[in-house]
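Predicted model only: the values in this text are computed from it and were never measured.
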Amino acid sequence: QVQLAESGGGLVQPGGSLRLSCAASGNIFSIYGMRWYRQAPGKQRELVAAITSGGDTRYGDSVKGRFTISRDNAKNTVYLQMNSLKPEDTAVYYCNVQHFESTTVRVVNYWGQGTQVTVSS
């Protein structure tokens, strides 16, 4: 069992910055990909950013050039640096971790509880 603890959300004005963190803990054997998703009220969940175990990154079109995903494998943590925030970035942000479970020899997706990001003046 793996637990994900998210932090860093809050209220920020347009043009501001926030840094989200998601730390995995518990019975960790091997983490593969790590991702950030977001979901705004009345909208579908969308992929914001993804990073592989090797450090390759991918971003949603709406955040390219503004957001940066990174990871610290020693701390089992993924970060999302969000700059030049816009009101349309307002959403609940969820981290997702692909974990290889040694007990079942399966890859399982774990989700964080979500952290609210509100961009408003």
Side-chain angles (χ1 to χ4, degrees):
Q1 187 79 4
V2 174
Q3 302 288 331
L4 303 181
E6 297 185 32
S7 63
L11 175 65
V12 65
Q13 295 195 41
S17 298
L18 285 174
R19 191 191 193 203
L20 306 183
S21 299
C22 178
S25 62
N27 189 21
I28 298 173
F29 183 75
S30 183
I31 293 176
Y32 293 159
M34 307 179 85
R35 309 181 185 95
W36 288 97
Y37 291 84
R38 69 186 182 187
Q39 188 166 26
K43 302 290 185 179
Q44 290 220 257
R45 181 189 65 185
E46 65 173 335
L47 176 67
V48 176
I51 186 167
T52 69
S53 59
D56 295 327
T57 59
R58 185 175 75 254
Y59 298 92
D61 289 339
S62 63
V63 307
K64 287 179 180 176
R66 299 187 298 121
F67 291 9
T68 302
I69 188 171
S70 62
R71 63 191 288 170
D72 185 337
N73 291 331
K75 296 181 178 180
N76 296 316
T77 300
V78 61
Y79 306 94
L80 185 68
Q81 178 66 47
M82 305 184 294
N83 299 325
S84 302
L85 283 162
K86 305 174 180 179
E88 47 264 48
D89 295 318
T90 296
V92 177
Y93 285 70
Y94 299 91
C95 67
N96 171 274
V97 171
Q98 293 177 308
H99 180 253
F100 177 76
E101 315 256 288
S102 62
T103 56
T104 58
V105 198
R106 297 179 185 273
V107 176
V108 177
N109 282 332
Y110 288 91
W111 291 88
Q113 291 299 116
T115 184
Q116 177 71 48
V117 172
T118 302
V119 184
S120 176
S121 59

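Under the side chain to side chain contact (heavy atoms under 4.5 Å, CB included) rule, R38 has a single partner from T115, V63, T90, which is V63. The one candidate from I69, V48, L47 that meets the side chain to side chain contact (heavy atoms under 4.5 Å, CB included) condition with Y59 is I69.
Within the model, atoms CD of Q98 and CZ of R35 stand 4.0 Å from one another, a figure rounded to the nearest 0.5 Å.
For the pair F67/L85, a side-chain contact is recorded, criterion being any heavy-atom separation below 4.5 Å from C-beta on. The shortest side-chain heavy-atom distance between R66 and M82 does not fall under the 4.5 Å cut-off. Under the 4.5 Å side-chain criterion, counting only non-hydrogen atoms from C-beta, Y94 is not in contact with N96. In this structure, V2 and E101 have side chains that are in contact, with non-hydrogen atoms separated by less than 4.5 Å.
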Side chains of residues 18-31: which donor-acceptor pairs under 3.5 Å do they make with residues two or more places apart or in other chains?
none

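V105 and V108 are assigned to two separate hydrophobic clusters, defined by single-linkage of ILVMFWY side chains at heavy-atom distances under 4.5 Å. Side-chain heavy atoms closer than 4.5 Å link hydrophobic residues (I, L, V, M, F, W, Y) into clusters, and following such links, possibly through other members, connects L4 to W36. Note on V78 and V92: separate hydrophobic clusters, where clusters join Ile, Leu, Val, Met, Phe, Trp and Tyr whose side-chain heavy atoms are under 4.5 Å apart, directly or indirectly.
Scanning both residues, I51 and R71, for their nearest heavy atoms gives O-NH1, 3.6 Å. Here the shortest heavy-atom pairing between A91 and Q116 reads O-NE2, 3.5 Å. Nearest heavy atom pair, residue L80 against residue A49, reads CD1-CB, 4.1 Å. Nearest approach of N83 to S17, heavy atoms of both residues: OD1-OG, 2.9 Å.
Environment of CD in Q39: crowded, with over 12 heavy atoms of neighbouring residues, nucleotides or ligands closer than 6.0 Å.
Below 30°, between 30° and 60°, or above 60°: for H99 and Y110 the angle between ring planes is above 60°, a perpendicular geometry.
A salt bridge links D61 with K64: the closest approach of a Lys/Arg side-chain nitrogen to an acidic carboxylate oxygen falls below 4.0 angstrom.
Legend: residues meeting side-chain contact (heavy atoms from CB on, under 4.5 Å) with S121, ordered by chain and number and at least two apart, are P14.
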